[in-house]
Peer 1: 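Got a structure for you, written out below as structure tokens; questions coming shortly.
Atom set for the values below is all heavy atoms of this structure, side chains included, hydrogens, waters and symmetry mates excluded. Order of the sequence lines fixes the chain letters, A, B, ..., with proteins taken first and strands second; residue numbering starts at 1 for each chain. Quick caveat: nothing in here was measured; it's all calculated off a predicted structure.
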Amino acid sequence: MTAALTPAAPAAPRARRRWPKPTLLIGLLLLALLLIAALFPTQLAPFSPTEFDYNAILQGPTAKHPFGTDNFGRDVLSRVIYGTRIDLQIALFTTLFPFIFGTLLGAVTGYAGRWSDALVGRVADLVVVFPFLVLVIAIVAVLGPGLTNLYVAVSAVGWVSYWRLTRGEVLTQKKAEYAQAGRVLGYSPARILLRHLLPNAVTPAIVYLMTDMSLGILLGASLGYLGLGAQPPTPEWGVMVADGKNFMATAWWISTFPGLALTLAGVTFSLIGDGLADVLRPRT
Amino acid sequence: VTRGGQLVYGRYADSLFLDPVLNDANLDIWILTNLYDTLLQPTADGKGVQPGLASRYSVSKDGKVMTLTLRAGLKFADGSALTAQDVKWSLDRARQPDAGAWSSSLASISSVTASGSTVTLNLKTPDPTLPAALATFNAAIMPQKLFTAAPGKNDAEKAKAFAEKPVGSGPFVLSEWKRGSYMVLKRNPYYWKKGEDGKALPYLDSVRFEIIPDDNTRILKLQAGELQGAEFIPLSRVAELRSSPRVNMTLFPSTKVNSILMNNRPTLNDGTVNPLSDVKVRQALNYATNKQALIQVVTYGTGKEMKSYMSSTTPLFDASQKGYPYDLAKAKSLLAASKFKNGFDVTVLATSGSADDLALLTALQQMWGALGVRLKIEQLDAPTKTARYRANDFQMRTAAWTNDINDPSQITSYYALFSNIESVHTGFKSAEIDKLFAQSQQETSRVKRASQYRTIQSIYLNAAPIIYLYETPYPVALAKNVRGFVQIPLGNNIFAGASLEK
Amino acid sequence: MHSNYVLKRLLQIIPTFLAVMLVVFLLVRLLPGDPASAILGDRATADIVERTNRQLGLDQPLPTQFALFVWNLLQGNLGDSISLKVPVLRLIGERLPVTLFLTVYAAALGLLLAVPLAVLAAVRRNTWVDALIRGVFQVGLSLPVFYVALQLLTLLGARLGWFPIGGYGSGTLGHLYHLFLPALTLGLNLAAVLVRTLRSSVIEVITAEYVEFARAKGLRPRLIMTRHVLRNALIPTVTLLGLNIGALIGGAVITETVFAIPGVGRLMVDAIFGRDYPVIQGLTLTFAVIVSLVFLLTDLIHARLDPRTELS
Amino acid sequence: MTARPLMDVRGLSKAFPAPQGLLARLRGEPRRAVQALSDVHLSVQRGETLGIVGESGCGKSTLARCLVRLQDADRGEVQYEDLDVLRLRGPDLRRYNRRVQMIFQDPYSSLNPRMTVGQMLREALSVHRLRPPGEQAARIQELLTLVGLPPQAAGRYPHEFSGGQRQRVGIARALALEPDCLIADELVSALDVSVQAQVVNLLLELQERLGLTVLFVAHDLRLVRHLSHRVAVMYLGRVVEVAPTEELFRAPKHPYTQALLAAAPTLDPARRADAPAITGELPSPLNVPSGCAFRTRCPHAFDRCAAERPLPTDVGGAQVACHLYSAPDSAVPG
Amino acid sequence: MSAEPLLRVRDLDVRIPTPAGTLHVVRGVTFDVQPGEMLGLVGESGSGKSVTLRAMMGLYRRPITVSGTVEFAGQNLLRASEAQWQATRGAQIGMIFQEPMSALNPVLTVGTQIMENLRTHRGLRGRAAAERAAELLDLTGIPSPRARLNDYPHQFSGGMRQRAMIAIALASEPKLLLADEPTTALDVTIQDQILRLLLRLREELNMSVILVTHDLGVIAQTCDRVAVMYGGRLMETAPVGALFREPRHAYSLGLLRSLPGSGARRAPLQPIPGGPPNLLALPPGCAFSPRCAYASGACLGAEPPLVPVAPGRDSACVHAAALPRLSGEVSA
Ligand SMILES: Nc1ncnc2c1ncn2[C@@H]1O[C@H](COP(=O)(O)OP(=O)(O)OP(=O)(O)O)[C@@H](O)[C@H]1O
Ligand SMILES: Nc1ncnc2c1ncn2[C@@H]1O[C@H](COP(=O)(O)OP(=O)(O)OP(=O)(O)O)[C@@H](O)[C@H]1O
Ligand SMILES: [Mg+2]
Ligand SMILES: [Mg+2]
């Protein structure tokens with residue numbers, strides 16, 4: 001936008017450029033931090049995340065090992081740093097497909113309505129009333145545990161939320177006059193849906209995406225507790241917390257630091273979500 | 001000793017089916033002998049048998065007749081008399097070939113006769129394992145009348161009904177059972193065995209099992225005084241609890257051996273060449289396995305190096321077995337001499353969620369990495385793992401074994417005999433072992449039998465169908481005031497002599 | 001008016017139920033591993049496995065098995081548990097009340113925590129009070145349930161001894177006492193979800209015209225807060241709560257495990273790991289029905305709270 | 001009146017079914033419906049401005065929307081030149097829409113908040129291939145100038161404009177398609193009087209320059225009087241009176257038209273009426289009175305009004321649907 | 001007109017902080033309301049009419065600051081304690097809002113919303129309250145009022161909602177009614193009924209009314225006196241007849257001139273050019289000057305104060321004396 005533009009004669013008060021609130025800035029800053037850790041673990045981590053050190057088993061935080069060592073003598077700090085990539089990957093891959101698929105489907109069925117909407121609605125009902133754990137364990141059992149299968153399982157279920165959100169929003173938006181204007185202007189339904197409705201209807205889904213990312217990480221951790229999550233020696237935060245639970249009394253640092261990392265990620269996504277909700281709200 | 005009181009014992013999971021013959025799980029087996037008594041009993045050290053319901057037994061010269069004498073005045077927990085007819089009926093039920101998984105332990109019996117207090121077992125062949133078999137849960141004596149009076153059209157249905165409210169002649173009797181939550185065993189006032197004070201055992205009024213699946217919760221509950229005993233303490237916490245003033249951390253010797261089973265077949269199911277079919281490779285892996293390190297890392301020092309495929313607590317274990325001491329140089333030279341000198345990829349099946357498996361395998365990854373062997377861990381949930389294993393569709397898998405019978409024949413028949421389950425599905429086959437085992441099954445001389453077993457163990461060790469790892473104890477945490485509780489090497493929890501001191 | 005709607009919704013449950021039935025039936029049979037392997041363990045020989053499968057009727061062709069399953073279901077029979085050898089219906093009857101009790105308790109605690117704190121955060125929005133409340137719940141929302149559960153157990157149970165460590169207790173009071181920590185664990189999680197929505201809806205309502213109007217009417221602030229603000233702000237919360245109850249029931253497994261509560265969550269996990277087909281099927285169907293009913297109930301409560309709702 | 005009308009609406013009806021419960025449906029109860037349009041006849045001459053007035057909910061918007069096919073009428077016919085409008089499909093419909101454009105009431109929701117004005121105009125031009133891409137920028141500037149917006153407006157988003165400016169954008173977007181006929185639904189209702197006048201002037205000027213035919217839907221009688229050549233008065237989905245503007249305002253015929261004019265506040269403080277012009281609420285559109293829809297509030301209602309629906313009759317240059325005029329012996333109320 | 005006004009507003013200032021800066025939304029508003037008088041407050045959207053009323057009601061809190069005096073029955077409300085507010089707000093001064101749909105609580109019945117007022121200010125409860133509530137609905141012309149008490153707002157038509165809101169405001173029998181665009185959302189026929197209702201109630205209860213609107217026709221038909229607002233300031237106050245005949249502020253004049261009906265049909269109207277002022281960047285001097293046809297250098301100095309220009313008339317226009325009369329131009 002040109003800053004030089006001066007309001008011409010019959011001009012309204014020029015709405016001020018809405019700067020992102022501090023929430024979003026802090027959120028993005030934290031995300032940048034996480035991304036750096038995820039991209040350059042080798043440079044940042046002092047030790048290998050998987051190498052055992054039988055001479056340094058269960059050591060508390062020291063200058064050499066600021067986060068202590070675990071029951072195999074591995075450096076917890078290094079594992080937390082290496083875990084960033086895994087957990088961000090979990091956050092991304094548990095939500096990517098549900099977001100894209102659910103949002104598009106929601107847009108289409110919300111706009112087309114009738115049988116497509118009813119049909120997808122029934123399928124969504126089925127997915128929602130089906131116990132998630134059964135599905136996850138079933139998929140994991142068929143495909144073997146590991147992150148890929150976590151993604152498959154979550155995707156099979158996760159799209160419903162996005163479908164609902166986007167569908168509801170499209171239902172509202174399609175009543176808005178600009179959507180009707182599109183029809184009167186002789187635009188094709190596909191154009192109206194994709195160019196006009198979707199950009200306006202996708203905000204709640206994007207905001208939810210942020211929440212969903214932290215939920216994805218948490219789900220990974222829960223499945224880790226049941227032994228269905230990431231595979232060793234993968235340093236995944238949730239699994240690290242779960243592994244550390246037997247040492248809570250004697251070596252608190254094993255589960256506490258990855259726990260803090262989980263919290264940091266959660267706070268990051270939440271701040272970005274709140275911030276995005278603010279920034280993406282259409283201005284009127 | 002103090003009499004009376006209730007001992008609350010935290011178990012990690014509930015029993016499933018309290019029928020001595022038809023059950024399948026340790027969850028049942030390990031508490032069954034508190035409810036159902038057997039003619040003979042395993043000794044607390046697990047090495048031999050001692051009198052049970054039968055006060056004595058004798059075997060004929062040719063070894064083909066066994067005579068047992070019942071104690072006088074034996075009663076079931078409901079007060080009705082335990083007769084030789086009950087014994088005959090119980091043994092007949094247990095040895096039917098299609099009755100449960102355990103019937104083979106009594107397979108040598110051709111008929112049972114009962115008269116007065118004498119029970120006579122006629123055998124097809126001499127059977128040195130029979131006393132141990134009679135001291136095993138599936139040979140428990142059940143009340144014929146009560147069982148047949150249970151509702152149900154056939155034996156299976158009656159068994160279900162009876163197992164809901166079992167009555168036996170063990171030191172305790174089931175009084176309340178809320179599945180998945182708790183189980184209360186009441187003192188059997190008619191129990192025959194006497195305590196130190198000369199009065200009938202057990203000392204306790206009752207035992208209450210609380211089902212607490214989470215290890216941490218079990219420990220917290222014990223520390224809070226809500227439990228007086230907790231089983232399956234994670235080995236990682238043994239040291240911590242040993243130093244706790246309120247807890248008596250006990251490691252009961254067990255027959256548990258932990259190993260990695262290898263597929264010894266030349267090719268895998270998908271037709272690819274299997275490096276593990278090369279004995280040099282298998283030996284190399286064994287030498288490259290630093291057991292002491294594993295014992296430190298995985299068992300936190302509580303384990304013991306495994307020298308034979310059977311535990312050192314098993315009768316006829318050969319103490320002269322050397323096992324595979326850690327020797328990386330030897331491992332390297334063995335591997336260099338094999339077809340796989342540049343190393344290979346190998347996948348091991350682990351039970352998902354098992355912290356011990358994971359700890360072990362992560363450590364092995366590193367140890368074998370020094371050989372150029374790249375270990376991939378495939379975690380599977382237990383039934384999937386079992387199915388893969390049973391289909392011989394695996395390269396390696398983690399495994400643990402505990403004896404149910406106080407005799408080396410059980411583990412040998414599974415681990416070393418191809419004819420049973422293909423030597424725990426390793427595919428290992430040794431004609432010599434087969435021959436020696438067949439002989440030992442009828443060998444009445446203990447000395448001769450011991451030497452047969454020595455040879456078997458040596459052959460097995462040399463062939464290395466498995467990775468020898470370590471033996472682990474049963475870690476039980478007890479309140480300081482608990483006395484006399486034992487978990488015998490077979491795993492059975494014996495509450496008969498347990499008491500709560502002031 | 002509503003009976004119409006209820007009828008229609010109940011009718012809609014039927015196809016869902018049928019689909020769940022078919023899906024779960026096929027799903028469990030698609031799983032690698034079979035009940036016989038699961039119960040017999042590693043040592044069983046091939047013929048024992050085969051015999052067991054025959055006894056369980058699992059050697060029959062799938063359509064036959066499905067027909068039998070449906071036929072039994074029509075007679076209200078979900079079959080017997082394979083590992084526990086008791087009727088599935090009885091198991092569910094024993095375990096479900098525990099989980100439902102826990103769920104309702106957790107929902108109550110969650111609301112009890114969320115409502116006042118969300119209102120406080122909304123009233124003091126963009127101050128440190130608001131930041132603190134949101135921050136604390138955000139942390140709670142970012143940590144795995146088992147970790148929170150263990151921390152609560154260690155602190156409030158073991159260290160302070162205020163609550164028993166695990167178990168279910170007996171009698172309503174006993175349940176309330178024993179289940180406090182697990183309900184708190186789940187409730188905290190729920191509250192964290194609710195606080196976000198509730199806070200923003202309170203803010204929305206506080207600034208609504210009708211609240212201004214109520215103030216212009218000179219009503220006492222307490223009355224405005226309870227009657228005008230809360231009542232309206234709770235409406236979206238009800239829907240969210242309903243959506244979360246399903247997750248709460250389904251997600252109770254970990255809490256039930258940590259706190260040693262004999263609920264359906266654990267039964268389910270044990271059944272899946274034990275390939276106990278009848279139990280998995282029975283529980284899945286029960287779950288589907290309960291969740292469907294909860295959704296229906298949610299919508300009815302929503303309609304009750306908000307007279308504008310058009311149920312259709 | 002003799003020339004062939006540009007647009008001819010005959011017997012147009014449109015009902016919105018009310019939601020009905022399952023039980024009621026099972027019991028076979030008749031479906032209730034809002035009769036938004038009921039047998040509407042209208043004709044629009046080329047180049048004229050036809051005002052449409054009436055109270056909220058009387059079907060003005062529905063009529064407008066049916067004419068641009070945003071809604072499908074249940075019955076009736078719309079003839080636009082040679083086109084049978086209600087039967088147009090696909091590309092034909094789009095071509096028709098290009099010629100008959102609608103401008104919307106709400107300056108806030110009728111523009112996509114995420115597109116700049118330039119993008120909106122460019123889209124309209126390119127979808128209908130009205131200008132090759134190279135000439136589009138120039139045309140956009142032309143359009144902006146036409147509606148009195150500064151050239152920089154092309155780069156701005158709707159939220160950067162005032163209500164009046166947004167309506168100009170809406171008009172520019174409609175004009176981009178070079179239509180013959182504009183349907184303006186409450187075009188200026190949301191605007192302040194001082195801005196209203198600006199937009200009205202624009203509309204007048206454009207009509208002059210481009211020879212546009214305009215359907216001006218509004219409830220502001222003063223505005224409608226100023227702008228329209230003819231005015232149609234609607235009540236509960238029906239057209240009750242159509243007349244040349246001056247005729248209608250000077251001598252309203254239908255009792256409803258009379259009431260409507262009387263209720264509109266005049267700007268002269270000296271002329272204050274004492275009694276309400278009309279009593280009673282608008283009847284529920286779900287339950288339109290039988291016969292003449294206005295009879296429940298009409299001071300002149302008599303038996304026949306309940307029994308029989310009045311048909312439009314010519315009364316001195318106006319078309320009136322009222323029994324007072326259809327019966328020869330009836331007295332014309334003053 | 002009695003000498004002692006019921007309400008004296010002096011130098012009312014309202015500042016609203018926003019992320020973009022503090023909006024000075026109401027600036028030095030000063031006027032009186034006599035007992036039984038109906039004062040019209042007109043102005044374009046955003047000129048600060050609603051904010052003025054809300055500030056008088058004490059509805060603004062913390063970040064928004066209100067200064068000046070609002071003297072009601074001799075007491076400065078802006079300095080009032082919470083208890084004094086309780087006794088005044090809703091009780092002595094009633095208020096009705098612009099949008100009845102959003103101002104009525106959608107989840108409470110109309111009856112509840114009337115009765116909570118009766119209970120708070122009149123101490124009525126139970127049956128007596130229900131009786132009185134029905135009477136009030138009846139008074140505002142809602143048919144079968146007793147049955148209607150149990151209806152929710154969405155079950156009412158727009159006109160009925162507005163009446164219900166009036167009934168709620170009247171429940172406490174206030175001396176002053178602040179009516180914020182009570183008819184903007186309504187059809188002319190219903191607007192006509194509501195305005196007449198207000199006139200009748202004022203007569204019967206001897207209430208004073210401040211009627212906010214941007215419809216000059218409504219002003220002409222109902223008010224005794226008018227205050228014209230622009231950019232948060234009063235531009236002119238005058239008896240209603242005088243204003244329409246002879247506006248003494250360029251803005252009032254522009255407003256009246258921009259209405260249709262003054263010229264020939266389909267002739268161009270005379271709009272006020274430009275749009276409303278940006279409150280964050282007010283032009284120097286008279287806020288209206290950038291749009292004013294009469295603007296001169298004198299307008300750009302200090303903001304012209306509202307000063308008496310004739311008996312009972314105040315104006316803030318430098319050119320007040322130079323403005324033309326509107327002779328019969330405005331008529332409909
Ligand atoms: N999509 C729809 N579904 C159901 N009813 C509708 C729909 N659109 C309009 N109606 C109903 O049809 C009737 C006519 O509506 P319409 O919008 O045409 O009125 P209008 O004259 O434009 O009113 P207003 O002046 O308020 O805009 C109303 O009763 C309205 O409630
Ligand atoms: N709470 C608020 N926050 C920010 N700005 C506000 C707030 N309330 C009012 N304003 C601004 O104050 C100015 C005056 O608003 P007010 O509501 O008094 O206008 P009005 O004259 O009543 O207009 P209308 O005719 O549209 O009701 C407007 O610019 C408005 O945007
Ligand atoms: Mg309309
Ligand atoms: Mg206002």
Side-chain angles (χ1 to χ4, degrees), chain D residues 49 53-58 161-165 190-202 204-205 207-208 219-229 245-246 249 256 259-282 284 297, chain E residues 43-47 141 143 157-160 185-193 195-197 199 214-223 239-245 251 254-276 291 328 330-332:
Chain D
T49 302
V53 294
E55 276 177 287
S56 175
C58 68
F161 294 97
S162 70
Q165 289 175 316
L191 305 178
D192 276 316
V193 278
S194 62
V195 182
Q196 249 180 21
Q198 298 169 3
V199 178
V200 165
N201 281 356
L202 173 65
L204 283 170
E205 187 196 323
Q207 203 175 358
E208 202 74 9
H219 58 244
D220 185 334
L221 294 173
R222 230 177 284 130
L223 260 184
V224 169
R225 179 178 190 175
H226 186 82
L227 270 173
S228 314
H229 297 104
T245 308
E246 270 323 306
F249 280 87
Y256 174 66
L260 199 62
L261 296 188
T266 65
L267 282 171
D268 187 353
R271 286 205 337 224
R272 289 189 179 179
D274 312 317
I278 190 171
T279 53
E281 297 281 329
L282 212 59
S284 156
R297 298 166 83 192
Chain E
E44 285 178 286
S45 184
S47 58
S157 71
M160 284 159 73
L186 303 177
D187 285 313
V188 277
T189 58
I190 310 296
Q191 162 171 297
D192 185 51
Q193 294 172 23
L195 291 177
R196 270 167 228 299
L197 170 67
L199 286 169
H214 52 237
D215 186 336
L216 288 162
V218 169
I219 296 280
Q221 288 298 301
T222 46
C223 296
V240 68
L243 181 89
F244 280 81
R245 240 178 295 117
Y251 174 61
L255 214 52
L256 287 163
R257 274 199 175 151
S258 66
L259 292 170
S262 46
R265 204 154 57 77
R266 292 182 60 77
L269 299 172
Q270 301 171 42
I272 305 178
R291 300 173 72 189
V330 176
S331 68

Peer 1: Kindly write out the residues that satisfy side chain to side chain contact (heavy atoms under 4.5 Å, CB included) with D:A262, not counting sequence neighbours, or none if the list is empty.
Peer 2: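 Testing D:A262 for side chain to side chain contact (heavy atoms under 4.5 Å, CB included), a comparison that skips the adjacent residues, returns D:A277.
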Peer 1: Nearest heavy-atom pair of D:A263 and E:T189: which atoms, and what distance?
Peer 2: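 Heavy-atom minimum between the residues: CB-CA, 3.8 Å.
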Peer 1: Considering only heavy atoms and a distance below 4.5 Å, find which of D:T49, D:N201, D:L221 pairs most often with chain E.
Peer 2: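 Heavy-atom pairs under 4.5 Å are most numerous for D:N201.
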Peer 1: Side chains of D:V200 and E:P260: does their closest heavy-atom pair fall under 4.5 Å?
Peer 2: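 No. Closest side-chain heavy atoms not under 4.5 Å.
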Peer 1: Using a cut-off of under 4.5 Å on heavy-atom pairs, state which of D:L261, D:L227, D:D220, D:L260 scores highest against chain E.
Peer 2: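 Counting heavy-atom pairs under 4.5 Å, the top option is D:L227.
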Peer 1: For chain D, which candidate among E:C223, E:G241, E:G158 shows the most heavy-atom pairs at distances under 4.5 Å?
Peer 2: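 Max contact count across the listed options: E:C223.
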Peer 1: State, to 0.1 Å, how close E:A267 and D:H226 come at their nearest heavy-atom pair, and which atoms those are.
Peer 2: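 Minimum heavy-atom contact is O-NE2, 2.7 Å.
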Peer 1: What part of E:R266 gets within 4.5 angstrom of chain D, counting heavy atoms only: side chain, backbone, both, or neither?
Peer 2: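 For E:R266, backbone and side chain are both near chain D.
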Peer 1: Mind listing the closest non-hydrogen atom pair of E:S258 and D:A197 along with its distance?
Peer 2: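 Closest pair (atom of E:S258, atom of D:A197, distance): O-CB, 3.6 Å.
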Peer 1: Please check if atom CD in D:E208 has more than 12 non-hydrogen atoms from other residues, nucleotides or ligands closer than 6.0 Å.
Peer 2: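 Not buried by this count: 12 neighbours or fewer within 6.0 Å.
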Peer 1: Counting only heavy atoms closer than 4.5 Å, note whether D:S228 contacts chain E via side chain, backbone, both or neither.
Peer 2: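 Only the backbone of D:S228 comes within 4.5 Å of chain E.
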Peer 1: Which heavy atom in D:A264 sits nearest to a heavy atom in E:V188, and how many Å separate them?
Peer 2: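 Shortest heavy-atom separation between D:A264 and E:V188 comes out as CA-CG1, 4.3 Å.
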Peer 1: Heavy-atom distance under 4.5 Å between the side chains of D:E55 and E:I190, does that happen here?
Peer 2: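 Yes. Closest side-chain heavy atoms under 4.5 Å.
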Peer 1: Can you check whether E:Q270's main-chain N or O pairs, donor with acceptor, with D:Q198's side chain at less than 3.5 Å?
Peer 2: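 Checking the backbone N and O of E:Q270 against the side chain of D:Q198, no donor-acceptor pair under 3.5 Å is found.
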Peer 1: Against chain E, label D:L204 side chain, backbone, both or neither, depending on which of its atoms sit under 4.5 Å from a heavy atom there.
Peer 2: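 Interface part for D:L204: side chain.
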Peer 1: Highest number of heavy-atom pairs under 4.5 Å with chain D: which of E:Q191, E:H214, E:R291, E:R196?
Peer 2: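 Highest number of heavy-atom pairs under 4.5 Å: E:R196.
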Peer 1: Which bit of E:I219 is near chain D, if near means a heavy-atom gap under 4.5 Å: side chain, backbone, both or neither?
Peer 2: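 When you check distances to chain D, only backbone atoms of E:I219 fall under 4.5 Å.
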Peer 1: By the definition side-chain contact (heavy atoms from CB on, under 4.5 Å), identify the one residue from E:L256, E:D215, E:L259, E:L269 that meets it with D:V193.
Peer 2: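 Testing D:V193 for a side-chain contact (heavy atoms from CB on, under 4.5 Å) against E:L256, E:D215, E:L259, E:L269 leaves exactly one candidate, E:L259.
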Peer 1: Between D:E205 and chain E, which part of the residue has a heavy atom less than 4.5 Å away: side chain, backbone, both or neither?
Peer 2: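 For D:E205, there is no contact with chain E at all, as no heavy atom is under 4.5 Å.
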